Amino acid sequence: MSLSFPTSSIPSWDSSTSRPIPQCSSSLNVSAGSLQVVAKNSGGGAGLCRSFCGLKLWVIERFNLWKKNREFGPLKEFMTIKNQILPDDSAEETKRHSKSEESSLHELQADPFTNVVPSRSHSLNYATEGGRGPSLCIAVIGATGELARAKIFPALFALYYSGFLPEDVVIFGYSRKDLTDEDLRSIIASTLTCRIDHQQNCGDKMEAFLSKTYYLNGGYDNCVGMSKLNARMEQIEGGSKANRIFYLSVPQEALLDVASCLADNAQTRKGWNRIIIEKPFGFDALSSQQFTKSLLSKFEEKQLYRIDHLLGRNLIENLTVLRFSNLVFEPLWSRTYIRNIQIILSEDLHSQTRRYFDGYGIIRDIVHSHILQTIALLAMEPPISLDGEDIRNEKVKVLRSICRLDPSDVILGQYKSTSGDKVNLNNLTPTFFAAALYIDNARWDGVPFLIKTGLGLIKHRVEIRINFHNVPGNLYRERLGHNVDLATNELILSDAPDEAILVKINNKIPGLGLQLDASELNLLYKDKYSAEVPDSYEHLLLDVIDGDNHLFMRSDELAAAWNILTPILQEIDKNHATPELYEVGGRGPIGPYYLYAKHGVRWIDD
């Protein structure tokens, strides 16, 4: 390759440098790998020689300087050095270069140094196809905690295996422990498994996933730690556009400080930033309002994803599908045909015991988020679209329409602690909650929504039961027996112990004569579908990646939910209400039997 340059195209070496300029003739041949530059005498050969030799020495010197310090700086430092302007005293001359001369200079700079990639002992070396940085970075703040190990990292791996994460994704674990990348990978690897339908190349996928995972010790100064996280992310992103997700799996007392430092020091300006926040979202209306105000002073509402893993269950995801895509259900979805709705969530003692520490109890944890969000999805008007904001707009209308809770319509319980109980309960922390709610609008006026949720009960059970009115003037009343209520139609949406959709109908028993029976039309998921049901964290993390926020509480939904529960919480604290005790592994307190009877609802026994 031969190039010709006028004398002025390359500035001479700075006269102040101590490095001598070698002498050369008017005609100069220089080989650098496959590059050959031929300078011909055109009236300024000596000047051109000095210019070129100066350029060569400058590049070599800067490259040697970079090589000496390459273990302390990112790869992009070299690229910056190689492309910056040559010595300052020739800056003005360089600006006067023509486009053709600039093009020639860029060709000259395309030497073998361009492809030099520093070798680093640190595992931060991250290369993607085509040399581009990752398109998505996910940071798990609190990476060594129980939630991250047991749920977050396994969910991320399942998404990666299924192809729902980009192949160039990079995952950061962040905590205060002094660990290496390999330490974190070892911790994560012990919790990763492949589902039944994810067995092919499982080991290879797991190894690839772990290779994309890095660790950062943030220390005890959150702002310094977040600055370090941002610097490390930028190193790997390499200046390319990349989006970031931050999962804040940290204690509530540390959340605001972590979020504030993150907002100021770790957000990217080359893509979107999304922040995932774990429950509980405050202690009451006032604390939640202050918490929300602090978050919104640092982030936009659209960036915040308040996660409740119970809302990621397929039962909840399926509610809007059942309602708005089936003609058989939507016309019946009102007080005209529905007599009552029951929402039941019971857990055995081994389920999610961590949530009952520190006096939060079942009301602030399960009822405030999961139960009220389920009611909102069941009772809302059809949204104008499936856009998350349109669905949230309808949900918040329902929450604002729920009537004030009457203390006489609330039953509290607490299971009797045993010597081996790991849950630290004070004498007022409720582990059982039952209540009757009413929605003050045209669709649901007079329809009771009965809630029953508790820990340490006879079995794990999650159900929504929609009970319809009796048939007016039923011709078969005499054939139904003395208890007409047992023969009413019912839609049952079950999530546990088995996921199923059941429709209870009255049917003639085959044979002579006329005998009726209450039968069930049963869609049992495990019989119909062979695929293993993904974990709820997989659903919700994928929603965050896709920007689908309809299952995450918006600030106004959060406030509306606290407005429902705060008066009853204050009443409990004021009167020092003592929960009714019940045996572990039993059916819970006796009070709900009377509560259901008061509102004309048949108790569904476990």
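Note that the structure is a prediction, hence the values are computed from the model and not measured.
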Checking Ser260 side chain against Leu256 main chain: does a donor-acceptor pair fall under 3.5 Å?
no
So Val140 and Phe153, do their side chains get closer than 4.5 Å, heavy atoms only?
yes
Counting distance only, does the side-chain N/O of Thr566 pair as donor-acceptor with the main-chain N or O of Ala285 below 3.5 Å?
yes
Give a yes or no answer on whether the side chain of Arg400 reaches the backbone of Ala560 with a donor-acceptor pair at less than 3.5 Å.
no
Taking the side chain as every heavy atom from C-beta outward, state whether Gln342 and Phe449 have any atom pair closer than 4.5 Å.
no
In this structure, CZ of Arg313 is separated from CG of Asn318 (nearest 0.5 Å) by 12.5 Å
Treating Asn563 as the side-chain partner and Ala559 as the backbone partner, does any N or O pair qualify as donor plus acceptor under 3.5 Å?
yes
Quick one: pull up CZ in Phe299 and CD in Gln267 and give me the separation to the nearest 0.5 Å.
5.0 Å
With side-chain contact (heavy atoms from CB on, under 4.5 Å) as the test, would you mind laying out the steps for Lys395 and Glu557 before giving the verdict?
CA-CA 7 Å; Lys395 286 195 299 176; Glu557 294 179 77; 3.0 Å; yes
Asn243 side chain to Gly271 main-chain N or O, any donor-acceptor pair under 3.5 Å?
no
Ile564 side, atom CD1; Ile371 side, atom CD1 - distance, nearest 0.5 Å:
12.5 Å
Going by heavy atoms in the side chains, are Lys302 and Asn549 under 4.5 Å from each other?
no
Looking at Tyr247 and Ala148, would you say the former's side chain and the latter's main chain have a donor-acceptor pair under 3.5 Å?
no
Derivation and outcome, side-chain contact (heavy atoms from CB on, under 4.5 Å), residues Ile307 and Glu278:
CA-CA 5 Å; Ile307 192 170; Glu278 270 283 347; 3.6 Å; yes
Side chain to side chain donor-acceptor pair (under 3.5 Å) against Tyr305, all qualifying residues, sequence neighbours excluded
none
Are any of the side-chain heavy atoms of Asn217 and Leu179 separated by less than 4.5 Å?
no
Can a donor-acceptor pair be found, under 3.5 Å and without considering hydrogens, that links the side chain of Trp562 to the backbone of Ser288?
no
Against the six-membered ring of Phe157, is Lys205 placed for a cation-pi contact (under 6.0 Å from the centre, within 45° of the normal)?
no
From the list Asp257, Leu229, Ile275, side chain to side chain contact (heavy atoms under 4.5 Å, CB included) with Leu262 holds only for Ile275
Once you round to the nearest 0.5 Å, how far does OH of Tyr161 lie from CG of Asp204?
9.5 Å
Counting distance only, does the side-chain N/O of Ser369 pair as donor-acceptor with the main-chain N or O of Ile366 below 3.5 Å?
no
Residues Ser186 and Asp183: side-chain donor-acceptor under 3.5 angstrom:
no
For the pair Thr292 (side chain) and Gln289 (backbone), establish whether a donor and an acceptor sit closer than 3.5 Å, ignoring hydrogens and angles.
no
Contact list for residues 378-391, test salt bridge (charged side-chain N to carboxylate O under 4.0 Å, His left out), sequence neighbours left out:
Glu381-Arg443, Glu389-Arg392, Glu389-Arg554
Between Asp221 and Val224 (side chain of the first, backbone of the second, donor and acceptor by atom type, cut-off under 3.5 Å), is there such a pair?
yes
Nearest-0.5 Å distance that lies between atom CG in Asp495 and atom CD1 in Ile344:
13.0 Å
Assess whether side-chain hydrogen bond (donor to acceptor under 3.5 Å, both in side chains) is satisfied between Asn230 and Ser227, documenting all intermediate values.
CA-CA 5 Å; Asn230 180 64; Ser227 296; over 6 Å; no
Is there a side-chain contact between Pro430 and Ile363, using heavy atoms and a 4.5 Å cut-off?
yes
Have Ser555 and Arg306 got a donor and an acceptor in their side chains that come within less than 3.5 Å?
yes
Could you pull out the closest heavy-atom pair between Thr320 and Met380, with the gap in Å?
CG2-CE, 3.7 Å
Could you check whether any side-chain heavy atom of Phe246 comes within less than 4.5 Å of a side-chain heavy atom of Asn273, counting everything from C-beta outward?
yes
Answer yes or no: is there an ion pair linking Lys270 with Glu237, defined by an N-O contact shorter than 4.0 Å?
no
Cation-pi, Phe281 ring and Arg364 (6.0 angstrom, 45 degrees)
no
Taking atom NE2 of His370 and atom CD1 of Ile451, what is their separation to the nearest 0.5 Å?
10.0 Å
Could you tell me whether the side chains of Glu499 and Asn314 share a donor-acceptor contact shorter than 3.5 Å?
yes
